[in-house]
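These notes are about the structure you will find just below.
All ligand and atom numbering here is 1-based and tracks the order in the structure. Only heavy atoms go into these numbers, but all of them, side chains included; no hydrogens, no water, no symmetry mates.
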Amino acid sequence: MKISYDVIHIRVKRPFAISRDVTVEKDTVIVRIEHDGVVGFGEAIPYPYYGDHIEAVKGFLDIAIPIIQSEFEDPFDTKRIEARLHEIAGRNFPAKAGIMDALYDLIGKILDIPVWKLIGVPSEPIKTSYTIGLGEIDEMIDDMQNHRDFEVFKIKLGRPNDYDIIKAMRDATNKPIRVDANAAWDAKEALKKIEFMAELGGFEFVEQPLHPNDFQGLKFLKERSPLPIVVDESVLTSTDIPRLLGYTDGINIKLAKSGGIPEAIRMIEIARAHNLKVMLGCMVETGLGVAAAAQIAPLVDYVDLDGNILLAEDPFVGLPVKDGYIHLTDKPGLGVEPKQKPQEVQNEQL
Ligand SMILES: [Mg+2]
């Protein structure tokens, strides 16, 4: 196996604001694994909130790639490769996802079958929410109306005018709305806002209302909230699930947090065993990272895979989104390919 990576630059169509930051542009890392002339790709999207800034992602890959290349010859040896990556260093989940998802893409291409089929997932069209970032209320309504083909919306919250946003967005559509405060609220504030949403009706659930470590607040909300609570920033991998039992109604899984497809599947199974609802999300990332998540999307309750739709230009093609649904295809591997041939991309290369 020959493993390398490229850094590519991505930009969003319009500044994407959440309670703690705004994304305009950023770099992402594309891992490439070649074996017997077949090439698999996986995205390692940096996410500084968890300490995974771009230098950390590249630093882990620079250490891990020579080790994996020297110790493993067979790309099908995924269990041992995944375990070895965890031995090399803890966390570093985006970089691990880049390698593991590239392996799955490669294996699918070698076997000439899509990854969803390889892992026994049905190929149903996947209904995804479209996420509306924070902004002026008029702009948020415009954004919603420009994406009226989606059947469910996710609204970012966590501003002093949350009540106005909630009311305006509820008035602007009859479709279900889910909200994400990205850890901006305290428990009492969260309860008041959630009760307001419940009174208006049509809100599905509330994502990460509180600081990831506010377990006392989460317990308070769990006992009183009229809407289900789904945690995101509080849960990265399966080891985070046991301490959340009794504190949340569901978890939001992302490949950049789990370290790739196999751990995400493990998390779905563990969550199911404890009657937790399962959401599958993504970062603002390319169609490659979204395609990897889409392979397991039919296994979850709520899908929020719109990261590449937010981009001005997606450098990967092959994952059709139509009328608010992602359509898995019969193309082998993750089903997407770079728009440009890798040698044409003007980037750093290992
Ligand atoms: Mg979230």
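Screening residues 272-304 for ring pair (Phe, Tyr, Trp, His ring centres under 6.0 Å) gives Phe205-Tyr302 as the qualifying pairs, with residues at least two apart or on separate chains.
Protein N/O/S atoms nearer than 2.8 Å to the Mg ion (ligand 1) total 3.
Salt bridge status for Asp232 with Lys254: present, with a side-chain N to carboxylate O gap under 4.0 Å.
With sequence neighbours left out, Lys26 forms a salt bridge (charged side-chain N to carboxylate O under 4.0 Å, His left out) with no residue at all. For Phe203, there are no ring-ring contact (aromatic ring centres under 6.0 Å, His included) partners at least two apart in sequence or on another chain.
Remark: Arg91 is not positioned above the aromatic ring of Tyr50, lacking an NZ or CZ atom under 6.0 angstrom from the ring centre and at most 45 degrees off the axis.
Looking only at atom types and distance, the side chain of Tyr130 has a donor-acceptor partner in the side chain of Asp143 under 3.5 Å away.
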